[in-house]
Amino acid sequence: METRNLIIIGSGPAGYSAAIYAGRAELKPLLFEGQSAGGQPGGQLMLTTEVENFPGFPKGIMGPDLMSEMKKQAERFETEIIAKDVIEVDFSVRPFLVKSGEQEYYAKSVIICTGAQAKWLGVPGEQAYWGRGVSACATCDGFFFKEKHIVVVGGGDAAMEEANFLTRFASKLTLLVRKDELKASKIMQDRVKANPKIEIVWNTEVVEVLGDETKLTTLKVKNNKTGETSEIQADGLFVAIGHKPNTDLFQGKLELDQVGYIVTKPGSTETSIEGVYAGGDVADHKYRQAITAAGTGCMAMLDAERFLSRQE
Ligand code: NDP
């Protein structure tokens, strides 16, 4: 069985950026376009509508179109793409082993770009109105809600940050919290409580997302103390209840942090195993942007290339 220079696992902005750089360095990378991690090949951007903040697209570009362009660019530089999930890895052997279906692949270096996924409420209508009022990224979609009523769900730091940020656009913002206290740090709580545009509604959960044919219009909510249900008229629902990195495959194989993100060495994309690198949201719970994922995917490839040169 042939040993490859580089296997890239994942096909979001990080994976394709790593592939473009690796292809141009004539490493002939093999990229696995996972079918299940994050929902589908292409990652989280496949679930986004318009992307207006990726440099180079002054008129904006649809998320799936951006991913399709990145894929074409990776293919132009001879990336071999396999549309299958990786089901097992073994980083304790050299070359590293990557298994997909019954097939085994070997590589001198591996870049992991399997991404993360937003946690969802799992209520009726949430998926149907995804991209049509429902979002999990204020930085990406806040701009579309100028002078609108936005509802944010969550009680952690992310929900506080999103709520504050979204008041730049919203005429009114309602923060729905399922308990009678916030989980967020005090400083973040204080900022939200001091923001005159934000109303906090306690002990309340969304039970259904309703709308017309084109967009979300109404949220059915329930007070979990009294059991009473009511409706909130809203234009946007931002779900900020945490993210889950796609790292099930790497449990026990690489060092992960408490929440499951891959730990990389400071100032590098190197994981706990030399020769294995991580780029994009799978190792980043802080920035989580397409452009930062593309940037760290590129960094991972440069780290891998230097590692390969050292091996020679
Ligand atoms: P967290 O896990 O910290 O918080 C999730 C919040 O969502 C909790 O309040 C939780 O409620 C609530 N929640 C979970 N499920 C549901 C549900 N089904 N319905 C309603 N509410 C729900 O996640 P975050 O994304 O906020 O933060 C992740 C990490 O990133 C944290 O360590 C955080 O500190 C950090 N972070 C830091 C920032 C900063 O410092 N600027 C900004 C953003 C994140 P409950 O309290 O009831 O469990």
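Just so you know, ligand 1 is whichever comes first in the structure, and atom 1 is the first atom listed for that ligand.
- Among protein heavy atoms, atom 22 (C) of ligand 1 sits closest to Ile241 CG2, 3.3 Å.
- Of all the heavy atoms of Lys286, none lies under 4.0 Å from any atom of ligand 1, so neither backbone nor side chain is involved.
- Per-residue contacts place Met188 under 4.0 angstrom from the following atoms of ligand 1 (heavy atoms of the residue considered): 41 (N).
- Side-chain N or O atoms of Asp235 include one that pairs as donor or acceptor with a backbone N or O of His149 at under 3.5 Å.
- In this structure, Lys119 does not count as a contact residue of ligand 1, since none of its heavy atoms falls inside 4.0 Å of the ligand.
- Counting only heavy atoms of the protein, atom 33 (C) of ligand 1 lies nearest to Asp157 OD2, 3.6 Å.
- For atom 19 (N) of ligand 1, the nearest protein heavy atom (residue, atom name, distance) is Leu121 CD2, 3.6 Å.
- Exactly one of Val209, Val239, Val207 qualifies for a side-chain contact (heavy atoms from CB on, under 4.5 Å) with Leu121. That residue is Val239.
- For atom 38 (C) of ligand 1, the nearest protein heavy atom lies closer than 4.0 Å.
- Annotation for ligand 1: atoms under 4.0 Å from non-hydrogen atoms of Val153 are 20 (C).
- At a distance under 4.0 Å, a protein heavy atom can be found next to atom 45 (P) of ligand 1.
- Nearest protein neighbour of atom 10 (C) of ligand 1, counting heavy atoms only, is Arg178 NH2, 3.9 Å.
- Within the 4.0 angstrom cut-off, atom 28 (C) of ligand 1 has no protein heavy-atom neighbours.
- Shown here is Tyr21, whose OH atom has no more than 12 heavy atoms of other residues, nucleotides or ligands within 6.0 Å.
- Note: no N/O pair closer than 3.5 Å links Arg288 and ligand 1 by distance alone.
- Within the model, atoms CD of Gln233 and CG of Leu210 stand 9.0 Å from one another, a figure rounded to the nearest 0.5 Å.
- A donor-acceptor pair under 3.5 Å is formed between the side chain of Ser11 and the backbone N or O of Gly42.
- Of the candidates Ala158, Ser185, Gly242, it is Gly242 that places a heavy atom closest to atom 23 (O) of ligand 1.
- When atom types are taken as modelled, the side chain of Thr204 and the backbone of Asn223 share no donor-acceptor pair closer than 3.5 angstrom.
- One N or O on the side chain of Asp303 and one on the backbone of Thr269 form a donor-acceptor pair closer than 3.5 Å.
- The single protein non-hydrogen atom nearest to atom 30 (O) of ligand 1 is His285 ND1, 4.2 Å, given as residue, atom name and distance.
- One hydrophobic cluster, built from ILVMFWY side chains closer than 4.5 Å, cannot hold both Met301 and Ile7; they sit in different ones.
- Distances between N or O atoms of Gly156 and those of ligand 1 include at least one value under 3.5 Å.
- A 6.0 Å sphere centred on NZ of Lys197 holds more than 12 heavy atoms belonging to other residues, nucleotides or ligands.
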TODO: Determine, stepwise, if the pair Tyr16 / Glu69 fulfils side chain to side chain donor-acceptor pair (under 3.5 Å).
DONE: CA-CA 10 Å; Tyr16 286 139; Glu69 293 297 313; over 6 Å; no

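- Here the protein heavy atom with the shortest distance to atom 2 (O) of ligand 1 is Lys183 NZ, 3.0 Å.
- Among all protein heavy atoms, the one lying closest to atom 41 (N) of ligand 1 is Glu161 OE2, 2.9 Å.
- The main-chain N or O of Asp284 is never found under 3.5 Å from a side-chain atom of Asp281 such that the two would form a donor-acceptor pair.
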